[in-house]
Peer 1: 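The structure is given below, and queries will be raised subsequently.
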Amino acid sequence: ILLKGLKRVGAYADTYIPDRVSDGYGIHEHLIEKALADGIDVIVTCDNGIAAYNEIAMAKEKGMTVIVTDHHEIPYKETENGRELIFPPADIIVNPKQPDCRYPEKRLCGAVVALKLVTALYEACGIPSKELEDFLELGAIATVGDVMDLQGENRILVKEGLRRLSHTSNKGLSELIRANGLEDGPITAYHVGFVLGPCINASGRLDTAARSLKLLCAETEEEAAKLAGDLTALNQSRKALTEEGKEEAIRIVEETEIGQDRVLVIYLPDCHESLAGIIAGRIREKYNKPVFVLTKGETMVKGSGRSIESYSMYDELVKCADLMVQFGGHPMAAGLSIDKENVGERISKRLYAEEQKRFKFQQQNFNDMKLEKADLIVANYSLPFCNNKKINDVWRNIVNSIRTNGYFVGNFFGIKDSWNKAESNMTFFTKEQVQNLFDEFDIIKFNEVEKEGLTGLGNMKHWHIFNVIAKKK
């Protein structure tokens, strides 16, 4: 998006995608030196840079212009006067997470944030806005691939981008679709998230992301077909290595004391560092706990984390900043670099101690807790209608929540009168069903709230919600 957009407005533009192993994540001083040696005087970042204060300060000292496009959280430090945000000294920062940013949609992926810069450049240069539609497919792939909420602007972008993907004019995407046997039907978000997206990501994980960029910029079908085949094969290798790492992580959790922690820190020294985030996600799904997977890098230990709704991973890493060489991310995902001597008990104990403080704070007024403030509580589940086969899944979520956090807060949808729409495969929770789910636990509060009228689930005359707070006996 950036490369094509900048060239379209007349810029002499080139790209450098940092190698995950040799360069690490984001902008680094040796990359700035390389840019200077190549005669580059403007750096534009994509999906990184907001946490690169020192590196951008160096670029500015060298007389360069720096534009940051990023969607990660703004770094901060806690002071006596509260939270102090730390902005890099860039000439321009495009990031919807900035507190003074008036753009209404805050949940954009890094690629779409970059697209906003291109949009502004097109407008300033008098280029027809119609040409921006060429980027919708790439914006949709990036949004789904980065697991952004498909609401608001993201939903519209993905819907339109997917519609265009089936008859894309991008030779690289067309050949990747063909290499994965998807050319005869509509492309869905599932295909992007679990087939096409992983193929595009595979080169950056196991080889170089420049290969995926080359695919998207391919000008001939022959070149695109070869690159698409290579990426599809790489993704198969990535799957095998991921499964191997996941099984080792499960073994560590099941056979060591780590499994008792509320925040899992798993060190896999032999795992390829680019797979840490995927493995952390799989372990998070299995145990419903925040997970950090650390791997042995060339000069230090690197890792990725995946979280649960109730645990802001980025905020918790800020509290451990003195142990980190570098870190950044979001509430639900983060990346970090750390010296070898801080791996193991040091980082695990610090994260555990911070979680204990947070846990005790959230428990202190437990019996006076207001149900309407449930969104502030650990493990807030919103569980709408489901079929009978899903009841066991609901029960497992409750058990996992109470084991992990000590208590459960949730909302269950129920109904008194029949639906206007007959749905034989759906059922709603009755009061007895909800109470039975908590037989093993102490129910502290159980409220039934009656509603009338339309809902997002359909046209209901009378319906109700059960609000539940429960804890261990």
Side-chain angles (χ1 to χ4, degrees), residues 18-25 145-147 193-209 211-212 230-308 311 313 316-317 324-330 332-340 342-348 351-352 400 404:
D19 183 274
R20 283 177 181 262
V21 177
S22 61
D23 294 323
Y25 178 81
D146 212 16
V147 201
F194 294 95
V195 183
L196 302 177
C199 287
I200 294 172
N201 278 337
S203 71
R205 295 188 184 281
L206 301 182
D207 186 24
T208 168
R211 189 180 295 193
S212 291
D230 290 345
L231 292 179
T232 301
L234 265 177
N235 190 45
Q236 293 303 317
S237 299
R238 190 273 309 165
K239 286 181 181 179
L241 291 171
T242 300
E243 189 62 25
E244 188 179 301
K246 185 192 82 170
E247 292 302 320
E248 175 62 12
I250 291 174
R251 185 195 66 76
I252 291 172
V253 173
E254 298 286 351
E255 297 179 9
T256 70
E257 294 180 354
I258 286 175
Q260 303 303 312
D261 294 343
R262 280 199 288 272
V263 180
L264 303 179
V265 181
I266 305 167
Y267 184 40
L268 301 177
D270 298 325
C271 175
H272 196 289
E273 64 186 62
S274 66
L275 303 178
I278 301 176
I279 295 169
R282 303 280 172 82
I283 302 304
R284 182 267 316 273
E285 290 169 4
K286 182 174 177 64
Y287 296 103
N288 193 39
K289 294 181 179 182
V291 179
F292 291 94
V293 171
L294 307 180
T295 65
K296 185 178 180 181
E298 289 189 349
T299 58
M300 64 190 73
V301 172
K302 298 179 182 179
S304 289
R306 298 294 182 267
S307 197
I308 57 178
Y311 184 89
M313 193 156 268
E316 297 306 315
L317 285 180
M324 308 290 168
V325 175
Q326 188 180 30
F327 69 94
H330 307 282
M332 293 295 288
L336 66 138
S337 298
I338 187 171
D339 289 328
K340 179 69 166 63
N342 289 332
V343 175
E345 287 196 1
R346 186 171 292 185
I347 183 64
S348 296
L351 288 169
Y352 179 78
N400 284 336
T404 303

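Numbers for residues simply follow the sequence, beginning at 1. Please read these numbers as outputs of a predicted model, since none were measured by experiment.
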Peer 1: Any side-chain heavy atom of I308 sitting closer than 4.5 Å to one from Y287?
Peer 2: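 No, every pair of side-chain atoms sits at 4.5 Å or beyond.
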Peer 1: Under 4.5 Å between any side-chain heavy atoms of T242 and R282, yes or no?
Peer 2: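 Yes, close enough: below the 4.5 Å cut-off.
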Peer 1: Could you pull out the closest heavy-atom pair between K302 and S337, with the gap in Å?
Peer 2: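 In terms of heavy atoms, the two residues are closest at CG-OG, 3.9 Å.
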Peer 1: Taking the side chain as every heavy atom from C-beta outward, state whether M332 and R284 have any pair of such atoms under 4.5 Å apart.
Peer 2: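 In contact.
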Peer 1: Assess the residue pair I252 and L268 against the criterion (side-chain contact (heavy atoms from CB on, under 4.5 Å)); give the C-alpha distance rounded to whole Å, side-chain angles, the decisive distance to 0.1 Å, and a yes or no.
Peer 2: CA-CA 9 Å; I252 291 172; L268 301 177; 3.7 Å; yes
Peer 1: Is there a side-chain contact between Q326 and L336 (heavy atoms, below 4.5 Å)?
Peer 2: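 Q326 vs L336: side chains apart.
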Peer 1: Is the shortest side-chain heavy-atom distance between I278 and R306 below 4.5 Å?
Peer 2: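 Sidechains of R306 and I278: no contact.
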Peer 1: Return the set of residues passing side-chain contact (heavy atoms from CB on, under 4.5 Å) with N235 (not counting sequence neighbours), or none when no residue passes.
Peer 2: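 Residues passing side-chain contact (heavy atoms from CB on, under 4.5 Å) with N235: P198, C199, A202, R238, K239.
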Peer 1: Is the count of non-hydrogen atoms from other residues, nucleotides or ligands lying under 6.0 Å from E244 atom CD greater than 12?
Peer 2: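 No, because the 6.0 Å sphere around CD of E244 holds 12 heavy atoms or fewer from other groups.
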Peer 1: Report the distance from atom CD1 of I279 to atom CD of E243, rounding to the nearest 0.5 Å.
Peer 2: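 Result: 9.5 Å between the selected atoms.
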Peer 1: If we ignore hydrogens and angles and just use 3.5 Å, is the side chain of K289 paired with the main-chain N or O of D261 as donor and acceptor?
Peer 2: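 Flag set: sc K289 to bb D261 pair under 3.5 Å.
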Peer 1: Side-chain contact, heavy-atom cut-off 4.5 Å: T295 with H272?
Peer 2: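 The answer is no; the side chains never approach within 4.5 Å.
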Peer 1: Answer yes or no: is there an ion pair linking E254 with R251, defined by an N-O contact shorter than 4.0 Å?
Peer 2: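 Between R251 and E254 there is no salt bridge, as every charged N stays at least 4.0 Å from the carboxylate O atoms.
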Peer 1: The test is side-chain contact (heavy atoms from CB on, under 4.5 Å); show your working for T208 and S203 and say whether it passes.
Peer 2: CA-CA 5 Å; T208 168; S203 71; 6.0 Å; no
Peer 1: Tell me every residue that passes ring pair (Phe, Tyr, Trp, His ring centres under 6.0 Å) with Y267, counting only those two or more places apart in sequence or in another chain.
Peer 2: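 For Y267, no residue satisfies ring pair (Phe, Tyr, Trp, His ring centres under 6.0 Å) once neighbours in sequence are set aside.
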Peer 1: Does any non-hydrogen side-chain atom of V253 lie less than 4.5 Å from one of L264?
Peer 2: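 L264 reaches V253 side chain to side chain.
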Peer 1: Do V265 and I258 make a side-chain contact, defined as non-hydrogen atoms from C-beta onward lying under 4.5 Å apart?
Peer 2: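 V265 does not reach I258 side chain to side chain.
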Peer 1: Checking V293 against S304 for the side-chain contact (heavy atoms from CB on, under 4.5 Å) test, could you report, in this order, the C-alpha distance in whole Å, the side-chain angles of both residues, the deciding distance, and whether it holds?
Peer 2: CA-CA 6 Å; V293 171; S304 289; over 6 Å; no
Peer 1: Determine, stepwise, if the pair V301 / D339 fulfils side-chain contact (heavy atoms from CB on, under 4.5 Å).
Peer 2: CA-CA 6 Å; V301 172; D339 289 328; over 6 Å; no
Peer 1: Among residues at least two apart in sequence or on other chains, which ones pass ring pair (Phe, Tyr, Trp, His ring centres under 6.0 Å) with H330?
Peer 2: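 Checked H330 against ring pair (Phe, Tyr, Trp, His ring centres under 6.0 Å); matches are H71, H72.
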